[in-house]
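This report concerns only the one structure given below.
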Number of protein chains: 2
Amino acid sequence: MGTRKTAVFSETENELADLAKALGHPARVAILKELANRNVCVCGEIVDTLPLAQSTVSQHLKELKAAGLISGTVEGVKSCYCINWTAMERLKNLLEDCFKPCSDQNCAC
Amino acid sequence: MGTRKTAVFSETENELADLAKALGHPARVAILKELANRNVCVCGEIVDTLPLAQSTVSQHLKELKAAGLISGTVEGVKSCYCINWTAMERLKNLLEDCFKPCSDQNCAC
DNA sequence: AATATTCATCGTATTTTTGCGATGAATTTA
DNA sequence: TAAATTCATCGCAAAAATACGATGAATATT
């Protein structure tokens, strides 16, 4: 119990769910927004823009990276992150492809 | 601790995060897919398509409804659900609007 | 060399999520 | 009226997520 039964769902369902889950926190949305706005890859400045502890932000960055939504490189003593636009596009495409409305829509709800 | 600090983020960030979180589980993705494929609003047949207990599916439906991604009506002894295409569109738009790449992309990551 | 900065990781506490069986209400069917 | 069906909710257990401070490693600065 308490464990997600991922093995039981399709590849695509899990992929979309994982990407969505990574986006499913306002802090991570804010981080991605920040990364999208700066052309230069930002590092710890992200921490300054968020009302969260450094360790917490670091954890969120780790999650985004694990989901493939961002990439990061070490620049001396600093860590530099930026958005993975390919993954963002992938998310949009999955969203588009998975939920196509069928031809005749006569829902009563 | 353990509580999401929603009050600290912007309306838009929270809205997108909430929609994404609702989508952040393969079972809920599967449910939405099923609802998208059937023009007739489906009810408990969803349970048959998923390898989860009825109570678990019911809970996922509740979450999707709370997020506004689906709507449900009671049809006698049955419950009828269908996708809220407006919310799906809203999710896509938020995704599009929040993460616009800035003009000059020279990321080194 | 000593100090400072940056940041990932660890440990911990709390809350939320996930999942299931049991129960019960509402409606159908027999 | 009695039995069956549908399904939401409750209660519980286990796991994951959220958040923070402390620590330490790596690099910069003085």
Side-chain angles (χ1 to χ4, degrees), chain A residues 1-9 13-14 17-31 34-35 41-67 69-82 109, chain B residues 1-9 13-14 17-31 34-35 40-67 70-82 109:
Chain A
M1 288 169 227
T3 325
R4 180 172 299 197
K5 295 172 119 190
T6 44
V8 145
F9 298 99
E13 282 159 0
N14 279 311
D18 286 346
L19 286 172
K21 194 174 71 145
L23 219 76
H25 192 290
R28 292 194 289 269
V29 171
I31 289 173
E34 194 65 24
L35 290 180
C41 305
V42 188
C43 51
E45 295 150 310
I46 299 165
V47 175
D48 295 332
T49 70
L50 294 175
L52 295 171
Q54 177 263 318
S55 57
T56 306
V57 175
S58 205
Q59 213 171 322
H60 283 305
L61 286 167
K62 193 178 172 185
E63 262 176 87
L64 285 170
K65 200 173 175 183
L69 284 169
I70 65 173
S71 58
T73 51
V74 179
E75 206 82 26
V77 74
K78 305 198 177 177
S79 276
C80 205
Y81 291 96
C82 56
C109 298
Chain B
M1 287 168 229
T3 325
R4 181 173 297 198
K5 294 171 118 191
T6 44
V8 145
F9 298 99
E13 282 159 359
N14 279 311
D18 286 345
L19 287 172
K21 194 174 72 145
L23 219 76
H25 192 290
R28 292 195 288 270
V29 170
I31 288 173
E34 193 66 24
L35 290 180
V40 182
C41 304
V42 188
C43 50
E45 296 150 309
I46 299 164
V47 175
D48 296 333
T49 70
L50 295 176
L52 294 172
Q54 178 263 319
S55 57
T56 306
V57 175
S58 206
Q59 212 171 325
H60 283 305
L61 286 166
K62 193 179 172 185
E63 262 176 88
L64 285 170
K65 200 174 176 184
I70 65 172
S71 57
T73 50
V74 179
E75 206 83 24
V77 74
K78 305 196 177 179
S79 277
C80 205
Y81 291 98
C82 55
C109 297

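So that the names make sense, note that chain A is the first sequence line, chain B the second, and so on, each numbered from 1. Bear in mind the structure is a predicted one, so any value in this text is a computation, not a measurement. Note: hydrogens, waters and symmetry copies are ignored here, and every other heavy atom, side chains too, is used.
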| query | Just checking T3(A): base, sugar-phosphate only, or nothing, at a heavy-atom cut-off of under 4.0 Å? | reply |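 The residue T3(A) makes sugar-phosphate contact but no base contact.
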| Is S79(A) touching bases, backbone alone, or none of the nucleic acid, heavy atoms closer than 4.0 Å? | sugar-phosphate
| request: Find which nucleotide of DNA chain C each of A27(B) and Q54(A) is nearest to by heavy atoms, and output the residue with the more 5' nucleotide. | output: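 Whichever sits nearer the 5' end wins; that is Q54(A).
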| field | Which residue lies more 5' along DNA chain C, comparing G44(A) with G2(B) via nearest heavy atoms | value |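 First, find each residue's nearest nucleotide; the 5'-ward one identifies G44(A).
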Could you give the [atom1]-to-[atom2] distance, from [X] to [N], as a whole number of Å?
{"X": "L23(B)", "N": "dT17(C)", "atom1": "CG", "atom2": "P", "result": "15 Å"}
{"X": "D18(A)", "N": "dT17(C)", "atom1": "CG", "atom2": "C1'", "result": "15 Å"}
{"X": "L52(B)", "N": "dG19(C)", "atom1": "CG", "atom2": "P", "result": "6 Å"}
{"X": "K65(B)", "N": "dT9(D)", "atom1": "NZ", "atom2": "P", "result": "8 Å"}
{"X": "R28(A)", "N": "dT18(D)", "atom1": "CZ", "atom2": "P", "result": "5 Å"}
{"X": "E63(A)", "N": "dA8(C)", "atom1": "CD", "atom2": "P", "result": "14 Å"}
{"X": "I46(A)", "N": "dT6(C)", "atom1": "CD1", "atom2": "C1'", "result": "13 Å"}

N or O in side chain of [X] less than 4.0 angstrom from [N] OP1/OP2:
{"X": "Y81(A)", "N": "dA8(C)", "value": "yes"}
{"X": "K62(A)", "N": "dC7(C)", "value": "no"}
{"X": "H60(A)", "N": "dA17(D)", "value": "no"}
{"X": "K21(B)", "N": "dT17(C)", "value": "yes"}
{"X": "K5(A)", "N": "dC20(C)", "value": "yes"}

| query | Is a donor on one side and an acceptor on the other found under 3.5 Å between the side chain of R28(B) and the backbone of A22(B)? | reply |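 Yes: the side chain of R28(B) pairs with the backbone of A22(B).
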| task | Indicate yes or no: at least one non-hydrogen side-chain atom of H25(B) is less than 4.5 angstrom from one of R4(A). | result |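 Contact flag for H25(B)/R4(A) side chains = yes.
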| field | Given DNA chain D, 5'-ward residue of the pair K78(B) and H25(A), judged by closest heavy atom | value |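 With K78(B) and H25(A) compared, the 5'-side residue is K78(B).
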